[in-house]
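Here's the structure, in structure tokens; my notes come after.
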Amino acid sequence: MTVSRRLFVTAAAAIAASRGTSQALAAPAPAAAPLGAPVAEEPAFRIPVGPTDSAEVLVRKASQVRPTARQIAWQRQERTAFLHFGVNTFTGLEWGTGDEDPDVFQPAGLDTDQWARALRDGGFRLAILTVKHHDGFVLYPSRYTGHSVASSSWRGGQGDVLRSFADSMRRYGLKVGVYISPADENQYLHGVYANGSARTEHTIPTPLANDDRPDGPVFTLPATDYGAHMLDQLYEVLTEYGPVDEVWFDGAQGRIPPDKVEKYDWDSWYTLVRALAPDATIAVSGPDVRWVGNEGGLARENEWSVVPVTEKDYGRTDFALSYDAADMGGRDALVAARGVADYVQWWPAECDVSIRDGWFYHADQQPKTVDQLTEIYFGSVGRNAVLLLNVPPDTDGRLAASDVTRLKEFRERVDRELPADLTLGAQVTRTPGTVTVDLGREREVDRVRLAEDIRLGQQVEDFVVEVFTGGRWTRVAGAGTVGASRILLLTAPVRARRWRVRVTRARAEVRIAELGLYRSAPA
């Protein structure tokens, strides 16, 4: 390692940079900009709140929160995939033990191109691989652990699932995400995890003898022994496998005893991700994306992207209210979090669910039905969230044929539910809080899709959908929040020429970016 040729980044400078410029109260909301206009890279994605803030002040602050460019890009993906794969695939466990024989990992027919084709054909835009689950087994040949594919006889110890995965996803037009579990049972068994070490400054990557890596940036960051181990592995993944678009940190602890779980070095981990993958969202145990609060794939009926949060354990973004609270960001929730919350923050929901009962592959399980997956789609993407559907590779290293078929059927079903938008080419009139569409003739509609221009925040609290018939406007549907995506399923088709959406309550000025009208097609 030629240290003199590397760029050194100190802890203070790096951590400050990772937190962005959003610590102060934002200016009043700007006037609506054209949809193609550029936006600031780091707007006020979180704003401080205090225990004496009135309900009106809390709502005003929430109305001024704006997403970052990376959060906007993440929200547009709609359907993302999880791929749980590792030693658990071969042991039949959901949570491993950390002392598995690496040689159990033998995916003789590994075909990541098949994964990518199936996900692309299923309408997915990003896939996240479990590079390291709680057991600590790593799906690439890491320099910092022996519990990896390099210790398996699979492919003569030369296998690299992460390399194959990343190359295949990009080959088929999907973005790449990585899951790296903060919990690590193997490192716990080896006395690195929760060994009582103090947080001290570490040079990352940790220097190694005969290091064959090209020169790159070096960081000086505070960490425990295990925190530095995580930093080293993050460094490998984020510098050697091409661009990464999502880094997923779990909140589960595996089998590690609760009294042995150490406080993680979140600030240093976030810093490294921001420096090496600036466009990547940091999800779940991270500042960009939150867990919706269940593993059923369903968002709340009214899902807010602006929610009250606290900052804990060296900078970790955490829930001010319970993770499964029925109301996460409405007016009552903002008041309920008063005195607990440090900020109101743009922290949108990701809905994770597995296509099978388990997260890892089990031969005796079958995929969910198309009806179930469609219900999940409308309950996640249709409620201002992003769907994260797990599709686990089998012991041969392929997606099961039944799962591949179900993904294709799912895509076809969504396409039938939301075929061509009837508003294309129609006359559209916009006034503050109202969008009116003249379809030119009467058309049947049973699906209505809405989106706010979230660059101006999330503002809609209630709205109605109306049709003009019999000389007056008549309500046919209504709901609360909109956000980046809201899809309403009408109980029966409605025939009308003129349609409108009218916002009846909002936190600040609203710009409806999308109003789509659809007539679902029969199977």
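Within a 6.0 Å sphere centred on NE2 of H362, heavy atoms belonging to other residues, nucleotides or ligands number more than 12. In E375, the CD atom is not crowded: 12 or fewer heavy atoms of neighbouring residues, nucleotides or ligands sit closer than 6.0 Å. Annotation: D259, atom CG; neighbour count of heavy atoms from other residues, nucleotides and ligands within 6.0 Å is above 12.
There is no side-chain donor-acceptor pair under 3.5 Å between H84 and T130. For E201 and T220, the side-chain atoms include no donor-acceptor pair closer than 3.5 Å. Looking at D245 and T281, their side chains never bring a donor and an acceptor atom within 3.5 Å of each other. D232 and T206 share a side-chain donor-acceptor pair at under 3.5 Å. Counted by atom type alone, N195 and Y226 present zero donor-acceptor pairs between their side chains at under 3.5 Å. With 3.5 Å as the limit, one finds no donor-acceptor pair spanning the side chains of D313 and W266. For the residue pair S153 and Q106, a side-chain donor N or O sits within less than 3.5 Å of a side-chain acceptor on the partner. R163 and Y140 share no donor-acceptor pair across their side chains, judged by distance under 3.5 Å alone. In this model, no donor atom of one side chain and acceptor atom of the other lie less than 3.5 Å apart for H147 and Q187.
Taking the six-membered ring for Trp and thresholds of 30 and 60 degrees, Y193 and Y188 have ring planes more than 60 degrees apart, a perpendicular arrangement. Ring geometry for F124 versus F410: interplanar angle of 30 to 60°, hence tilted. In this pair, F105 and F137 present their aromatic rings tilted. The plane angle is within the 30 to 60° band.
With respect to the salt-bridge test (charged N to carboxylate O, under 4.0 angstrom), the residues E311 and R46 qualify. A salt bridge links E303 to R290: at least one charged side-chain nitrogen sits closer than 4.0 Å to a carboxylate oxygen. Salt bridge annotation for D364-R356: absent, with no cationic side-chain nitrogen under 4.0 angstrom from a carboxylate oxygen. With salt bridges taken as basic N to acidic carboxylate O contacts below 4.0 Å, none links R300 and D327. A salt bridge links R143 and D212; the closest N-O separation between the charged side-chain nitrogens and carboxylate oxygens is under 4.0 Å. A salt bridge links K312 with D318: the closest approach of a Lys/Arg side-chain nitrogen to an acidic carboxylate oxygen falls below 4.0 angstrom. Checked for salt-bridge contact, D396 and R398 miss the test: no charged N lies under 4.0 Å from a carboxylate O. In this structure, R125 does not pair ionically with E78, as no charged nitrogen and carboxylate oxygen lie closer than 4.0 Å. We find that R338 and D53 are not joined by a salt bridge, their nearest charged nitrogen and carboxylate oxygen being 4.0 Å or further apart. Salt-bridge annotation for R155 and D160: absent, with no side-chain N of the basic residue lying under 4.0 Å from a carboxylate O of the acidic one.
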Problem - CA sep, side-chain torsions, deciding dist, call: R274, D288, salt bridge (charged side-chain N to carboxylate O under 4.0 Å, His left out) - result: CA-CA 11 Å; R274 288 284 189 254; D288 297 322; 2.9 Å; yes
Practice task
Start with the C-alpha gap between F82 and W248, add the side-chain angles, then the distance that decides, and say whether ring-ring contact (aromatic ring centres under 6.0 Å, His included) holds.
Solution key: CA-CA 10 Å; F82 234 163; W248 212 93; 4.9 Å; yes
Problem - side chain to side chain contact (heavy atoms under 4.5 Å, CB included) between L162 and Y241, intermediate numbers included - result: CA-CA 8 Å; L162 177 56; Y241 291 89; 3.7 Å; yes
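Closest heavy-atom contact between G358 and S354: O-OG, 2.7 Å. Taking each heavy atom of S485 and V381 in turn, the nearest pair found is OG-O, 2.8 Å. Heavy atoms only, all atoms of each residue included: A228 and I204 are closest at O-CD1, 4.0 Å.
Ring to ring, W115 and F85 are close: their centroids are under 6.0 angstrom apart. The ring of F360 has its center closer than 6.0 angstrom to the ring center of H133. For F45 and W346, the distance between ring centers is not under 6.0 angstrom.
Here the side chain of E246 pairs no donor or acceptor atom with the backbone of G177 at under 3.5 angstrom.
Within the 4.5 Å cutoff, the side chain of L399 has heavy atoms near those of the L83 side chain. Looking at heavy atoms from C-beta onward, V289 lies out of side-chain contact with W347 at the 4.5 angstrom threshold.
By the 6.0 Å and 45° rule, R316 does not stack over the aromatic ring of Y264.
We find the CD1-NZ distance between I47 and K61 to be 8.0 Å, quoted to the nearest 0.5 Å. Between the CG atom in N186 and the NE2 atom in H134 there is a gap of 14.5 Å [rounded to 0.5 Å]. For the atom pair H229 NE2 and H190 NE2, the distance stands at 10.5 Å (nearest 0.5 Å). The CE atom of M230 lies 14.5 Å from the CG atom of D225; values are rounded to the nearest 0.5 Å. The CD atom of E185 sits 8.5 Å away from the CH2 atom of W95 when rounded to the nearest 0.5 Å.
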